[in-house]
Amino acid sequence: MHDLRMVRDQIEELRAGMRRRGKLEQFAAVIDEAEALDLQRRASITAVEEKKAQRNQLTAEVGRLKKAKQDADAPMAAARALGDEIAAMEATLGPTEARLTELMLGIPNVTLADVPEGDESKNVVVRSWGTPRAAESVKPHWEVGTALGLLDLERGAKVSGSGFVVYRGAGARMLRAFANAMLDLHTGEFGYEELWVPTLVNRATMTGTGQLPKFEDDMYGVKDDDLFLIPTSEVPITNLYRDEILAEGELPRAFTALSACFRREAGSAGKDTRGVLRVHEFHKVEMVRYCTVEQGEAQLELMVGHAEAVLQRLGLPYRVVLLAAGDTGFSSAKTYDLEVFSPGVGKWLEVSSCSVCTDFQARRANIRYRPEGGGKPKFVCTLNGSGLAFPRVFAALLEHHQQADGSVAVPEFLRPWVGRDVIR
RNA sequence: GGACAGGUGGCCGAGUGGUUGAAGGCACCGGUCUCGAAAACCGGCAUACCGGCAACGGUAUCGUGAGUUCGAAUCUCACCCUGUCCGCCA
């Protein structure tokens, strides 16, 4: 969520931000309405608070008189009348504030200066690593995976539905290896604190990171309990310190966790649906960082490096893509996607998306820090990134490390947990 | 799921209708003292919003929401959470 002051003092900047996302048309009316409501709200507040101050004086007077055992009927009647006026004024203020909040919660973050304007066609490849393998002679992952008994797509569909996968044997073991290898790397070498978090979270948590109220249809939920299955562990991790004030000395903080992720993928039917490329439930190791807004961009570069390290150790060629404003997520101010080349599909697959959200999420979730040397609390800057998403890494691995006889070489990085050099 | 008990500031902890944003203590910050430190003493120390260039003034906040009242941390109701015991279950 943006600061209301944005609507007040930097409204052109806000409009420009929407324009860069290609969404000015969509949000022009919203911004105008917010601006008007803010004025209206402030006028009402001033008026109501004036009445309240008057009533408080009368009330104090009543107290004094009663204590002195004197007649207090007159101020009591006056206070009662004021109370009715206040109630009437608040009856209109309430809906105004509710509507204003609703509008503000629906406006996406403004991207940083170096984010290209426009839609995804303006995305920029900033660097790449490794050499993509030629597509010839490589079988797609669903063929190799099924042939080697690592994947059971049919039974996944039987048990749960399309978009749900059963991994088995060495395939299941490979996913466990991903978890161990990635978490050990992030905690052991990059200083992340490992967490194990709930996958079912409440409405306030989903609102804190920006999934709600706008994207309720994209999520699985448990209606009876008003709980939601997380689309990423960014959600519980970023909300860990909701409504808290940290010390500046504690920043930056870095967390990593393995979790299941659930996505309806509504509206993306037919896209990348072969094999495990787009599924409703998958696992992922996530990285989340808290820092000051000033540290945000540098922390993003650092975190992208951590995700890249995983790909390098897996020996998978990848490229780093700076997303254009229009392709940048709702809460994000700048996002790098890491894409691995899949020779079987002949496409680059997004295996990580690393974002800096400035204080956008922190303002929603009310996560602050006390500046060194005192002063008013400030909102933290939150970052999140996958490090990495399992299914697509699995797919890329089966294809990229595929050998002529159909077997798959296991990268050194995973061998301690897979327990062998080759899966055949 | 059932029965009790309880939720007050960073922490502990008073407070059961009238200057209580809230005693006291701890922690923390500044100062005095000291060669330095500790101790002692003095002072400071919540957050958000509204108005104001500012100084400052106002409003709200004692789990959350509603209600009673001229007035609620204190009374009523609902919900949430925590603890203990019982039942059930991985």
Side-chain angles (χ1 to χ4, degrees), chain A residues 1-9 34-105 196-208 212 221-228 236 239-251 253 260 290 359 362-380:
Chain A
M1 184 162 61
H2 293 286
D3 193 331
L4 253 185
R5 276 182 285 255
M6 194 87 182
V7 169
R8 228 169 279 164
D9 307 328
E35 185 185 26
L37 285 175
D38 176 52
L39 282 171
Q40 194 179 318
R41 167 180 170 271
R42 281 189 289 156
S44 305
I45 285 178
T46 306
V48 171
E49 291 190 345
E50 216 167 278
K51 296 278 180 199
K52 282 187 176 176
Q54 286 173 28
R55 184 185 57 185
N56 286 350
Q57 284 188 348
L58 286 169
T59 290
E61 176 65 16
V62 170
R64 273 192 295 274
L65 289 171
K66 291 236 172 186
K67 199 167 257 178
K69 301 222 191 309
Q70 291 181 320
D71 173 61
D73 288 353
M76 274 171 68
R80 176 176 262 280
L82 268 177
D84 292 342
E85 275 187 69
I86 289 166
M89 291 164 93
E90 284 189 327
T92 62
L93 178 60
T96 301
E97 294 204 299
R99 173 68 180 154
L100 183 56
T101 302
E102 184 193 344
L103 291 174
M104 293 306 288
L105 284 174
W196 192 284
V197 294
T199 29
L200 218 43
V201 300
N202 58 34
R203 188 170 284 276
T205 295
M206 277 296 191
T207 306
L212 290 179
V222 183
K223 294 279 178 292
D224 286 350
D225 300 282
D226 208 28
L227 293 172
F228 300 87
N239 277 280
L240 268 191
Y241 290 92
R242 174 151 50 81
D243 295 320
E244 294 193 36
I245 301 176
L246 306 167
E248 182 169 7
E250 294 177 77
L251 303 176
R253 299 200 63 168
Y290 289 28
D359 55 1
R363 189 170 291 109
R364 289 175 160 248
N366 192 28
I367 309 165
R368 294 174 291 173
Y369 69 93
R370 176 94 48 198
E372 226 126 60
K376 290 237 168 265
K378 293 178 168 174
F379 291 108
V380 303

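Every chain is numbered from 1 and lettered A, B, ... according to where its sequence line falls, protein lines coming before strand lines.
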Engineer: Pull out every protein N or O sitting under 3.5 Å from an N or O of nucleotides 63-69 of chain B, one pair per line with the distance.
Structural biologist:
none

Engineer: Whole angstroms only, please: what is the CG-P distance between A:Asp243 and B:C81?
Structural biologist: 16 Å
Engineer: Quickly work out the A:Met89 CE to B:U59 C1' distance and round it to whole Å.
Structural biologist: 13 Å
Engineer: With the side chain counted from C-beta on, respond yes when A:Ile367 and A:Phe379 share a heavy-atom pair under 4.5 Å apart, and no when they do not.
Structural biologist: no
Engineer: For A:Glu90 and B:U59, what is the distance between atoms CD and C1' respectively, to the nearest whole Å?
Structural biologist: 10 Å
Engineer: From the options A:Lys51, A:Lys52, A:Arg80, select the one residue that forms a salt bridge (charged side-chain N to carboxylate O under 4.0 Å, His left out) with A:Glu85.
Structural biologist: A:Lys51
Engineer: Quick one: A:Leu227 CG to B:C80 C1', roughly how many Å, whole number?
Structural biologist: 12 Å
Engineer: Contact class for A:Ala60 (heavy atom, under 4.0 Å): base, sugar-phosphate, or nothing?
Structural biologist: nothing
Engineer: What does A:Lys66 touch in the nucleic acid at a heavy-atom separation under 4.0 angstrom: a base, only the sugar-phosphate, or nothing?
Structural biologist: base
Engineer: Using a 3.5 Å distance criterion without hydrogens, assess whether the side chain of A:Asp3 forms a donor-acceptor pair with backbone atoms of A:Arg5.
Structural biologist: yes
Engineer: Treating primed atoms plus P, OP1 and OP2 as sugar-phosphate and everything else as base, which nucleotides of nucleotides 47-53 of chain B get B, S or - for protein heavy atoms under 4.0 Å?
Structural biologist: SSSSS--
Engineer: Rounded to the nearest Å, what distance is computed from the CG atom of residue A:Leu93 to the P atom of nucleotide B:A60?
Structural biologist: 13 Å
Engineer: Starting at CG of A:Asp224 and ending at P of B:G1, how long is that distance when rounded to a whole Å?
Structural biologist: 12 Å
Engineer: Dot-bracket for RNA chain B, please, read 5' to 3', with Watson-Crick or G-U wobble pairs under 3.5 Å on both distances, ( ) within the strand, [ ] crossing, | other strand, . unpaired.
Structural biologist: ((((((((.[[[..)..(.....]]].(((((.......))))).((((((....)))))).[[[[[..)....]]]]])))))))....
Engineer: Using atom NZ of A:Lys52 as one end and atom C1' of B:U59 as the other, report the distance to the nearest whole Å.
Structural biologist: 6 Å
Engineer: Can you check whether A:Glu97's main-chain N or O pairs, donor with acceptor, with A:Arg41's side chain at less than 3.5 Å?
Structural biologist: no
Engineer: Please check if the side chain of A:Asn239 supplies one atom and the backbone of A:Thr205 the other of a donor-acceptor pair under 3.5 Å.
Structural biologist: yes
Engineer: Should A:Asn56 be listed as having a side-chain N or O under 4.0 Å from OP1 or OP2 of B:G58?
Structural biologist: no
Engineer: Specify the separation, in whole Å, of atom CG of A:Asp226 and atom C1' of B:C80.
Structural biologist: 12 Å
